[in-house]
J.: 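Below are the structure tokens for one structure; questions will follow.
Chain A is the first sequence line, chain B the second, and so forth, proteins listed ahead of strands; every chain is numbered from 1.
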Amino acid sequence: MSHKTVCELRDLTYVYPGEAAGDSASPRPALRGVSLSIREGEWLALLGANGSGKSTLAKHLNALLVPSQGECIVYGLDAADEKNACAIRSSVAMVFQNPENQIVGTVVEEDTAFGPENQGAPSGEIVRRVEKALGDAGLLAKRKKPTYTLSGGEKQRLAVAGALAMDTPCLVLDEPTAMLDPQGRSELLDVLEKLHRSGKTIVYITHRLEEIVRCDRAVILHEGAVAWEGPVTALFLSDLPLKDWGIDAPPLFSLWRDMKSESRPVPPIPTVASMADALCL
Amino acid sequence: MSIIVKNLGHVYHPGTPLETRSLCDISFELERGTWLSVAGHTGSGKSTLGQHLNGIIAPMEGTVTVDGMAVKEKGPDLREIRARVGLVFQYPEQQLFAETVYEEIAFAPRNWGTPEEEIDARVKEAARAAGLDESRLTRSPFQLSGGEKRKVAIASVLSSKPDYLVLDEPTAGLDSFSRRELADLLAGLKEGGMGIVLITHDLDIALSRSDAVLVLDGGREAALGTPAEVLARLEENPVPGLRLPDVAALSLLLRQRGRKAPVTWDWRELKNALFRSSK
């Protein structure tokens with residue numbers, strides 16, 4: 001992994017227009033003084049409870065929102081300058097929560113081609129990109145299928161394929177697993193792991209602690225501010241007040257933490273496989 | 001007083017090339033004051049089943065009766081059935097339409113002819129029960145976060161005081177605290193005598209919180225019984241695409257490797273069993 005910075009947020013504060021104009025005397029910012037660097041090639045987890053500011057932050061990364069105060073620099077471009085929006089969106093692709101809302105084509109490969117067509121890519125290039133994107137998303141076998149025949153997990157992978165076909169170096173996913181069942185969730189994470197290994201920068205937003213075990217680094221947001229930041233392994237080593245930040249430990253993690261507190265041997269990161277190995281020593 | 005589903009089957013687009021069987025021979029009974037969870041992966045027929053329970057879809061095979069009234073396409077009982085069975089859809093943003101949260105929650109009881117002087121109390125009670133802050137009542141529902149929208153959708157059904165509540169995947173997109181809050185809310189409603197049907201792919205909540213669990217696979221019953229019975233059944237006959245909760249999967253893996261471990265989703269029970277037997 002290089003140490004080149006992809007996105008740089010400096011003391012970023014964002015207040016939604018309704019809050020600033022509106023009904024309360026003191027507007028409540030959705031983001032408060034957030035400073036953060038996203039490094040090239042890393043898989044960054046953005047973790048926080050509902051309403052902690054995760055999605056608001058994500059929307060700054062491809063200039064859907066611009067800071068009320070502070071700076072957001074994406075690939076060297078100031079996101080506050082409207083002229084940069086197009087270039088930024090050609091570098092950072094977004095995938096949203098509900099797969100139903102981001103499918104525009106009636107056939108899988110048509111849907112995937114929408115982004116590059118819009119970018120004005122030559123047709124040979126579009127064909128090449130669509131093929132690669134569908135391959136990476138594990139959907140090549142479904143390329144001729146109508147989109148409505150896909151399962152929820154497949155639809156979300158189609159949304160990822162659409163973003164991949166834009167050929168951007170950075171992918172931001174805003175709770176992409178929220179609407180998926182556990183099977184769909186793990187399929188999507190498998191795809192992201194492969195992309196990560198091929199060098200793509202991934203920003204992954206979630207409120208599920210169990211989903212970040214494969215990421216490199218985590219940033220925890222609480223009430224619009226950065227509460228903690230560090231490598232994922234450190235997140236598990238330290239005794240962080242996760243509960244105070246609205247992040248609940250799933251049952252497997254409770255077992256892991258409890259065993260650890262009794263000085264029993266535990267793996268560095270709790271997964272079903274690693275826990276079974278530790279318990280069968 | 002109960003909802004009785006007998007040999008229910010459903011086929012979408014019958015007689016066309018798009019014909020798809022969605023449900024086949026499903027039977028169960030849900031009494032008031034109990035909580036049934038319906039689990040299964042995407043496309044297993046869960047939502048189709050839920051929509052039968054208050055007559056959005058009338059049975060084409062088998063029967064659904066609510067407190068003795070049969071669900072049919074038309075008929076005098078349909079209005080009463082819909083008054084008794086409240087349905088919260090999967091995507092809350094799709095059922096929101098009013099200008100303020102207050103109006104949203106007041107809509108159903110007004111529609112059912114509740115006297116205007118009672119409406120205010122109904123709205124506030126429903127908002128409180130759904131865990132919605134009173135300051136939100138004057139907001140537009142479209143300004144709220146995803147989790148809050150879901151609470152509005154639930155409050156807007158609770159305000160008409162149904163006897164049964166059917167929720168389709170209400171935990172999708174909620175963080176784990178909100179999920180637990182919602183489970184606590186449902187447990188409270190159940191204690192108050194409401195019949196709860198929770199449609200979910202979250203086997204953890206289904207097993208740990210409900211009285212009975214129905215697992216669907218391709219529209220057919222894959223398991224039905226108490227949570228313990230259903231987990232045992234799923235371990236014997238895994239349903240493709242339906243993953244066991246992590247703790248249950250760990251316990252099963254340990255057993256396969258020759259350790260004594262219980263059939264459970266509860267980490268405390270697993271831990272006690274493991275470290276008692278090692279001493």
J.: Working to the nearest 0.5 Å, report the span between NZ of B:Lys271 and CD of A:Glu262.
T.: 3.5 Å

J.: Does any backbone or side-chain atom of B:Arg150 lie under 4.5 Å from a heavy atom of chain A? Answer side chain, backbone, both or neither.
T.: side chain

J.: Where does B:Arg268 contact chain A at under 4.5 Å (heavy atoms): side chain, backbone, both or neither?
T.: neither

J.: When only pairs under 4.5 Å are counted, which of A:Cys280, A:Ala49, A:Ser254 shares the most heavy-atom pairs with chain B?
T.: A:Ser254

J.: Please classify the contact between B:Leu244 and chain A as side chain, backbone, both or neither, with a heavy-atom cut-off of under 4.5 Å.
T.: neither

J.: Should we say atom CD of B:Glu99 is surrounded by more than 12 heavy atoms from elsewhere, each under 6.0 Å from it?
T.: no

J.: Tell me, do A:Phe253 and B:Asp246 make a side-chain contact under 4.5 Å, heavy atoms counted?
T.: no

J.: Using a cut-off of under 4.5 Å on heavy-atom pairs, state which of A:Glu210, A:Arg208, A:Met259 scores highest against chain B.
T.: A:Arg208

J.: Non-hydrogen atoms of chain B under 4.5 Å away: do they reach the side chain of A:Glu187, the backbone, both or neither?
T.: neither

J.: Do other residues, nucleotides or ligands put more than 12 heavy atoms under 6.0 Å from A:Arg214 CZ?
T.: yes

J.: I'd like to check A:Val272 versus B:Val247 (side-chain heavy atoms, cut-off strictly below 4.5 Å). Are they in contact?
T.: no

J.: For B:Arg257 versus A:Asp277, what's the shortest heavy-atom pair and its separation?
T.: NH1-OD1, 2.8 Å

J.: Is it the side chain or the backbone of B:Leu203 that comes within 4.5 Å of chain A heavy atoms, both, or neither?
T.: neither

J.: Does any heavy atom of chain A fall under 4.5 Å from the side chain of B:Asp266, the backbone, both, or neither of them?
T.: neither

J.: Which of the residues B:Leu242, B:Leu253, B:Leu254 is involved in the greatest number of heavy-atom pairs with chain A at under 4.5 angstrom?
T.: B:Leu254

J.: Relative to chain B, which of A:Thr177, A:Leu252, A:Ile247, A:Thr206 shows the most heavy atom pairs under 4.5 Å?
T.: A:Leu252

J.: Considering only heavy atoms, which portion of A:Leu209 lies under 4.5 Å from any heavy atom of chain B: side chain, backbone, both, or neither?
T.: neither

J.: Under 4.5 Å between any side-chain heavy atoms of A:His207 and B:Phe177, yes or no?
T.: no

J.: To the closest 0.5 Å, what do you measure between CG (A:Asn50) and NZ (B:Lys149)?
T.: 12.0 Å

J.: Do you know the tightest heavy-atom contact between A:Leu255 and B:Trp267?
T.: CA-CE3, 3.5 Å

J.: So, taking the atom named CZ in B:Arg259 and the one named CG in A:Leu279, what distance separates them when rounded to the nearest 0.5 Å?
T.: 6.0 Å

